[in-house]
Amino acid sequence: MALLFSETVHATAIIDPEAVLAPDVWIGPYAIIEGPVRIGPGCVIEAHACLCGPMTLGRNNFVGHGAVLGKSPQHRGYRDEPTGVRVGDDNVFREFVTVHRGTAQGHGETVIGDRNLFMCNSHLGHDVQVGDDCTVVNNALVAGHVVLEDSCILSGNTAVQQRVRVGRLAMLGGMGATSKDIPPFILQQGYNCVTALNLVGMRRAGCSNQAVNGMRQAFRMLYREGRPVSAALDRIMADFGEIAEVNEFVEFVRASRLGINPARSSERENYQVA
């Protein structure tokens, strides 16, 4: 398919002959579209952004000033294999966001779903898999092979170690970091420290009172009663396994390869579940 130019492509933009643009794509001054990049309808690529293929962008994506999507991974084993980036619809990549393509040793693709917001200077490493409706705040750093499940939040200046999974509606608080998985609905702050449930996020997402109360009890059983993890999960499922959110939480923890973090001491921190 031939490249389609229109009056919405600035004269100073550099467009590779291999690129394919929908007719209404807007490309700003000095933007660079390099290699086989397919850009869907309604996308906006601001000035000085750089998109490097193989890459596919769906519909209505916004790529901000100076963002760089699809460059080669920061990985010593990468040997210029033809890996890529695949992006869904309605995502926002603000100024100077960086997203690296996959590796042959990983998924081969960095994959981003729909309606995600990546704020200024945030970074996604190679082979990252992002669901839908996630928020990655300014200067958050996501290492290679990380999985971000739907509607999770990484606050400002956070760091997620390689191969970590962050569950649905989980939140990593500002300046925090994690080297282990963060289960769904959990709020984690500081370094490797669980603090509470993300009750605000659950309620905003429309979780039922039954789900919220079930997760309160699951949190208490796993993090506060001192049981071994496997025994706590068995008790949670026996008592509250009929609740979908509790089931999701338990299955996530059971599937974790890196393990999960402990909760902050209630004695030291005067912690109370909200």
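We're numbering straight along the sequence, starting at 1.
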Same apolar cluster: Met237 and Val253, side chain cutoff 4.5 Å: yes
Inter-residue atom distance Ile33.CD1 - Ile15.CD1, 0.5 Å rounding: 5.0 Å
Minimum side-chain heavy-atom gap Phe62-Glu46 below 4.5 Å: yes
Within one Ile-Leu-Val-Met-Phe-Trp-Tyr cluster: Met202 and Met221, side-chain cutoff 4.5 Å: yes
Candidates Leu187, Thr195, Val200 - the one meeting side chain to side chain contact (heavy atoms under 4.5 Å, CB included) with Met171: Leu187
Steps toward side-chain contact (heavy atoms from CB on, under 4.5 Å) verdict (Leu169, Cys207): CA-CA 11 Å; Leu169 287 170; Cys207 294; 4.3 Å; yes
Asn213 side-chain N/O to Asn209 backbone N/O, donor-acceptor pair under 3.5 Å: yes
Side-chain touch Asp133/Asp150, heavy atoms, less than 4.5 angstrom: no
Side chain to side chain contact (heavy atoms under 4.5 Å, CB included) partner of Met119, the single match among Asn139, Asn138, Leu154: Asn138
Stepwise salt bridge (Lys or Arg N to Asp or Glu O under 4.0 Å) check, Arg115 with Asp90: CA-CA 5 Å; Arg115 301 177 303 280; Asp90 301 301; 5.5 Å; no
Value rounded to 0.5 Å, distance of NE2 in His65 from SG in Cys120: 11.0 Å
Minimum-distance pair of heavy atoms, taken over all atoms of Asn116 and Asp132: OD1-C, 3.4 Å
Interatomic spacing from SG in Cys52 to NZ in Lys71 - rounded to 0.5 Å: 4.5 Å
Any donor-acceptor N/O pair, Asp181 side chain to Arg165 backbone, under 3.5 Å: yes
Side chains of Val85 and Leu69 in contact at under 4.5 Å (non-hydrogen atoms): no
Val166, Thr158, Ile260, Thr178 screened by side chain to side chain contact (heavy atoms under 4.5 Å, CB included) with Gln188, the one that passes: Thr178
Derivation of the side-chain contact (heavy atoms from CB on, under 4.5 Å) call for Asp89 and Asn91: CA-CA 6 Å; Asp89 302 333; Asn91 296 285; 5.6 Å; no
Hydrophobic cluster membership, Val164 vs Phe118, 4.5 Å side-chain cutoff: yes
Heavy-atom side-chain proximity of Val87 to Asn61 below 4.5 angstrom: yes
CZ (Phe96) with more than 12 external heavy atoms under 6.0 Å: yes
Arg254 CZ: over 12 foreign heavy atoms closer than 6.0 Å: yes
Side-chain (Arg79) to main-chain (Arg76) donor-acceptor, under 3.5 angstrom: yes
Polar contact flag, side-chain donor to acceptor under 3.5 angstrom, Ser72-Asp80: no
For Tyr78, the option from Gln105, His100, Arg101 that meets side chain to side chain donor-acceptor pair (under 3.5 Å): Arg101
Residue pairs fulfilling ring pair (Phe, Tyr, Trp, His ring centres under 6.0 Å) with at least one residue in residues 143-193, sequence neighbours excluded: His126-His145
Donor on one side chain, acceptor on other, Asp127 and Thr103, under 3.5 Å: yes
Path from Leu197 to Phe240 over hydrophobic side-chain contacts below 4.5 Å: yes
Residues Asp24, Arg59: salt bridge by 4.0 Å N-O rule: no
Under 3.5 Å: donor-acceptor pair, side chain of His107, backbone of Glu109: no
Heavy-atom closest contact (Ile182 atom, Ala170 atom, distance): CG2-CB, 3.8 Å
Closest approach of Arg264 to Cys193 (non-hydrogen atoms, all atoms of both residues): CB-SG, 3.5 Å
For the student: nearest non-hydrogen atoms of Thr110 and Gly102, plus distance: OG1-N, 3.5 Å
Joint cluster assignment, Leu258 & Val128, ILVMFWY side-chain distance < 4.5 Å: yes
Residue pair Gln217 / Asp239, side-chain donor-acceptor N/O under 3.5 Å: no
Gap separating the CD1 atom of Ile112 from the OG1 atom of Thr56, nearest 0.5 angstrom: 12.0 Å
Ile39 and Leu51, any side-chain heavy atoms less than 4.5 Å apart: yes
Side chains of Val25 and Val9 in contact at under 4.5 Å (non-hydrogen atoms): no
Rounded distance [0.5 Å steps], CD in Gln162 versus OG in Ser179: 9.5 Å
Met215 side chain near Phe249 side chain, heavy-atom distance below 4.5 Å: yes
Between CG on residue Asn247 and CZ on residue Phe252, distance to nearest 0.5 Å: 14.0 Å
Test log, rule side-chain contact (heavy atoms from CB on, under 4.5 Å), inputs Ile236 and Leu222: CA-CA 8 Å; Ile236 291 167; Leu222 180 61; 4.2 Å; yes
Nearest heavy-atom neighbours spanning Asn261 and Tyr223: O-CE2, 3.4 Å
Working for side-chain contact (heavy atoms from CB on, under 4.5 Å), residues Arg216 and Leu199: CA-CA 9 Å; Arg216 285 177 186 268; Leu199 294 175; 4.0 Å; yes
Heavy-atom check, side chain of Met55 versus side chain of Arg86, under 4.5 Å: no
Smallest separation among heavy atoms of Cys43 and Gly58, with atom names: SG-O, 3.1 Å
